[in-house]
Amino acid sequence: MPSLGPWFLRAFRGLAFLGLLGVWGWNSVFGGPALNNLVIGATQEPDQLNPWEGAADTKENILALLFIGLTYFDVHGNLLPGLATEVPTFANGRLRVFYDEQGRFLRQEVDWTLREDAYWSDGTPITTADVLFTFEVQNHPLIPVTFRTFSNKIQEIIVKDAKNFTIVYKEPNPFYANPSGRIGLARFYDIAPKHIWEPIFREAIREAEAQPEKAAEIITAKFLGADPATGRDPTKVVGSGPFKFAEWVKNQYLRVVRRPDFFLRPPGPMENYVQEVIVRFIIHEPTLLAALFAGELDATDDIALSGYDPTILAAQGGGMFRVEVIPSGFIEMLNFNHFGHPRYGEEGCALARDLLLHDVRTRQAIILAIDREALAAAVFPGAIVSNSFVVRGDVGYNPDLIQWPYDPERARALLAELGWKDTDGNGILDRITPDGRKVEFRLPHVTTPAPFRVRTQELLVEYLAEVGIKLEPTNLPAAVLFSTEFINRGSLCTWPGIIEYAAGGGIGEVPADEISGELWADDPTTPEPLDNVPRRANAFAGSNVRGWVHEEYDRLHFAALNEFDLAKRAEIIKKMQVIVNWELPFIPLYERVEIMMSKVGLANYLAGAAITRTPFWNAWMWGWVERGAVRVY
Amino acid sequence: MLSYFVRRLLVALPTLLGVTFIVFSIVRVLPGDPAQAMAGVHATQDYIERVRKELGLDLPIHVQYVRFLRGLLRGDLGRSIRTGLPVAQEVWTRFLPTLELTAASLFLTLVVGVLVGILSATKPYSLYDHASMFLSLAGLSLPVFWLGLMLMLLFSVRLGWLPAAGRGGLRHLVLPALTLAASSVALVARFTRSTLLEVLRQEYITTARAKGVRESRAILVHALRNALIPIVTIVGLRFGALLSGAVLTETVFAWPGVGRLVVDSVSARDYPVIQGTVLVIAACFVFINLAVDLLYGVINPRIRYD
């Protein structure tokens with residue numbers, strides 16, 4: 001037999017050895033106490049960091065590193081001042097509500113004072129000029145902001161000097177001091193830097209007005225995706241928060257560094273706390289977990305491990321990690337496209353109309369066809385089935401609602417009542433439309449590719465097949481699904497059947513407003529019809545992406561929003577739940593639990609009290625015990 | 001040689017033109033039409049028409065193609081619908097990581113695949129031969145995502161030797177490159193073994209040995225050179241497989257390359273980006289095959305290019 005001789009084998013081994021040497025020669029330290037930094041893993045990556053628009057949680061988290069609002073919630077749900085010197089209340093005289101002699105509301109005034117030591121991260125002082133500019137952008141009709149629920153209540157903003165201003169509301173706003181856009185300024189963290197955004201805003205508006213047929217495209221490219229939102233020029237990303245933007249390597253990570261001039265300080269020397277935070281975007285969850293257990297990540301955000309079993313995670317972590325199981329403020333839901341309702345006429349979605357999704361009996365049949373108990377147990381360990389838009393434990397929660405059971409027989413009966421039958425014996429229901437077409441009950445369902453949602457789709461396919469509905473599941477990345485180009489265009493049938501996601505249902509902001517805020521359609525005080533329903537007529541702005549309209553619900557919604565007394569407000573919210581519980585504009589599946597993991601030595605990294613339960617509420621306090629950080633919580 | 005190279009380049013031009021036509025047509029042959037796909041499967045006719053007009057899809061097809069080619073000549077691949085950025089910029093920033101990964105995998109394919117093949121061929125039916133051929137069979141059979149996760153669990157989680165995810169230095173490259181290269185290494189190893197075994201049975205090798213040529217020289221200089229041409233052909237063809245295989249590998253290892261860009265763009269219906277990406281990959285493939293053809297002459301001087 002031919003032989004190569006020992007030199008060849010030696011060369012082969014030598015090559016392998018050199019390769020290994022090269023590989024091992026690199027520094028193996030990723031982060032943590034050794035470098036006094038913090039590496040957080042996230043499975044979502046925002047498209048941009050524009051503070052006026054967006055809903056994805058990772059965006060809110062990242063912006064919390066760069067910005068702070070006028071106020072923020074601490075871990076116990078107490079509202080504390082951020083950029084403001086104090087939280088306005090009746091007691092301190094900063095909140096005033098005026099009524100006429102008949103007790104009718106006249107106006108509400110809220111006095112704010114910005115901190116003297118509040119600076120943008122480029123050293124520019126934060127002033128009332130920034131407040132006015134932020135409000136101007138928020139109100140501009142060409143800017144697709146997430147919601148105008150609260151900014152529409154503002155009559156005017158009176159500037160007294162560079163640090164003092166008064167917001168005058170023409171309608172009562174009981175959430176006048178709450179974060180997340182409730183004050184009526186920017187959606188994220190209230191105030192944006194005028195000196196950075198103003199030239200971009202003016203130029204984008206000028207171009208968009210010059211070419212109205214391309215206005216949406218221009219605003220997307222020139223404003224929403226401008227440098228201050230994308231980090232292409234890091235010097236343009238300027239914020240008010242505890243960290244300063246350093247770099248954003250798309251699809252890899254975003255890095256921020258501590259601001260020594262930030263006015264909120266952790267106990268003890270600032271050097272004892274993390275000096276740099278890196279958020280790594282690892283979309284594939286098993287990879288994120290591997291990176292965590294391999295020591296490349298110090299913690300996960302509040303979204304990445306949704307649906308994982310905390311017991312298994314704790315066992316896999318081998319005592320190195322703290323596993324926090326948080327009763328979530330979120331309810332996972334199947335949202336129907338209601339744009340098939342006759343009120344939308346030709347503007348509506350034809351497929352939703354063919355499937356009769358606007359008929360309450362269709363929606364009731366679908367909820368009856370799903371075994372939600374089994375589904376919740378299978379896809380989200382620890383989750384509790386929901387029948388409301390408010391989570392249990394919230395002061396506004398109504399326990400006396402219909403607890404929709406799993407009853408496929410009743411589901412079939414309701415569908416038969418609507419004219420659905422399987423005439424060709426293929427297992428899929430069909431019916432003849434008024435214009436003589438035969439349509440089959442093929443129900444599109446779209447959601448993100450998170451494993452628990454993919455599993456949900458698999459189960460839903462089985463449940464609905466039992467009653468003759470063919471579910472057609474698709475998945476889109478969160479960045480696409482939650483983009484206004486997609487989710488806000490249900491009237492154009494971008495998602496003609498069901499869209500599944502989770503929305504905030506309470507905790508910390510009683511009564512819950514996020515979902516209820518997505519359900520109202522028409523503000524009776526404005527001349528425009530269906531203000532909150534995204535349609536071509538309003539440039540697809542608004543948060544009622546389902547297109548559900550219910551007059552009584554709207555009336556109660558505005559009554560709740562106008563009620564300053566918490567107990568009375570909770571009673572109104574309970575009535576709203578009765579309507580939603582029967583009408584089912586969406587099917588509530590279950591209340592989620594969120595799971596976060598962090599290394600045991602990491603101090604003050606814990607879920608907050610805001611709806612999102614984000615752990616990013618106190619980033620300036622994050623630190624390693626090994627480096628002298630003090631555990632405050 | 002030079003004239004051959006120029007001629008091949010000239011021949012490559014129509015090939016590339018054909019590629020542009022195919023890439024351009026991809027969007028047009030999708031069910032519905034591109035505007036429909038971009039607007040959403042069930043979008044209203046009115047909205048679809050608006051999207052069609054904004055994209056210039058309402059123009060006659062030949063006009064669209066000429067516009068596309070004109071843009072291409074200027075290096076303008078259009079703008080991403082999702083981000084508003086120029087496609088060339090989007091593709092270029094993501095193509096470098098993919099090229100890095102593919103090049104590393106190609107390197108592994110060549111070095112490991114050929115070496116293992118040579119060793120197997122020189123010790124046929126030995127324990128080493130059986131073991132390496134079994135491993136290469138496994139390399140061909142294992143799904144990329146499974147292999148990637150297993151390597152990650154072993155080398156990152158258990159042993160803590162290598163990073164699990166992301167792009168950084170050489171250490172970050174090892175696991176994704178190994179995963180991506182596994183099937184190519186296996187294929188090249190098996191192919192090298194069988195080709196070399198065939199060549200080693202030729203009479204001119206027996207003559208060389210009879211003349212007292214050292215065994216290593218007989219194998220590496222006399223036999224391997226003749227065995228290399230089919231191996232190089234296979235390696236050239238595998239380049240395409242590596243580029244396309246990068247899609248899965250990049251997802252598993254959070255590698256920020258063009259594979260993930262394609263996946264994201266398909267999800268986002270971002271057709272200009274899909275067109276641009278596929279075009280760049282296809283162009284790479286054409287040029288690699290040209291390089292392989294030129295290599296034939298280097299390996300075997302008897303091959304004439306005139």
Side-chain angles (χ1 to χ4, degrees), chain A residues 1-5 7-9 12 15 22-26 28 30 47-48 213-214 217 220-222 224-225 230 249-253 280-284 286-288 290-291 293-296 346-347 349-352 444 475-477 479-480 483 485-486 489 491-496 536, chain B residues 39-44 46-47 50 53-54 79 81-85 93-94 111 115 118-119 121-124 126 148-149 152-153 156-157 160-171 174 200 205 209 214-216 218-220 251-257 260-261 263-264 267-269:
Chain A
M1 283 294 150
S3 164
L4 278 177
W7 71 270
F8 188 80
L9 289 171
F12 186 49
L15 199 67
V23 165
W24 264 259
W26 289 71
S28 65
F30 297 103
D47 269 351
Q48 37 82 0
E213 75 284 358
K214 289 197 165 183
E217 193 184 319
T220 301
K222 300 283 175 74
L224 297 178
T230 60
V249 181
K250 279 282 175 90
N251 302 291
Q252 289 204 71
Y253 62 87
R280 284 186 65 187
F281 307 112
I282 302 175
I283 311 299
H284 195 229
T287 307
L288 181 131
F293 293 136
E296 292 172 43
E346 284 307 304
E347 192 193 23
C349 173
L351 185 59
N475 302 94
L476 289 174
V480 178
S483 68
E485 289 294 312
F486 185 82
R489 282 166 165 75
S491 63
L492 302 181
C493 269
T494 49
W495 56 277
R536 189 190 312 283
Chain B
V41 184
H42 302 285
T44 59
D46 186 29
Y47 184 61
R50 215 181 77 194
K53 198 169 178 185
E54 276 190 18
R79 278 183 176 271
I81 290 161
R82 196 157 49 108
T83 63
L85 290 173
T93 51
R94 303 289 283 276
V111 174
L115 284 182
I118 292 171
L119 287 171
T122 53
K123 295 179 179 178
S126 65
L149 284 174
M152 200 185 283
L153 282 178
S156 306
V157 179
W161 290 354
L162 294 164
R167 179 175 176 239
L170 185 58
R171 298 179 75 245
V174 176
L200 285 172
I205 297 292
R209 284 176 182 145
R214 270 190 306 158
E215 188 61 29
S216 55
I219 292 169
L220 293 177
T251 306
V252 171
F253 289 98
W255 191 264
R260 269 179 63 191
L261 179 67
V263 173
D264 291 349
S267 301
R269 316 281 201 268

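Naming convention: chains lettered A, B, ... in sequence-line order (proteins, then strands); numbering from 1 in each chain. Keep in mind that what you see is a predicted model, and the values were worked out from it rather than measured.
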Q) Do B/T93 and A/K250 have side-chain heavy atoms sitting under 4.5 Å apart? A) no
Q | Closest non-hydrogen atom pair between A/N251 and B/R94, with its separation | A | ND2-NH1, 2.6 Å
Q) Relative to chain A, which of B/G257, B/P256, B/A254 shows the most heavy atom pairs under 4.5 Å? A) B/P256
(Q) Tell me whether A/R280 contacts the main-chain N or O of B/A165 through its side chain, where contact means a donor paired with an acceptor under 3.5 Å. (A) yes
Q: Please name the pair of heavy atoms, one in B/T251 and one in A/T287, separated by the smallest distance, quoted to 0.1 Å.
A: O-OG1, 4.4 Å
Q) Between A/A290 and B/A164, which heavy-atom pair has the shortest distance, and what is it? A) C-CB, 4.1 Å
Q. Which heavy atom of B/S156 sits nearest a heavy atom of A/A294, and at what distance?
A. O-CB, 3.3 Å
Q: Determine yes or no for a side-chain-to-main-chain donor-acceptor pair under 3.5 angstrom, with A/Q252 supplying the side chain and B/R167 the backbone.
A: yes
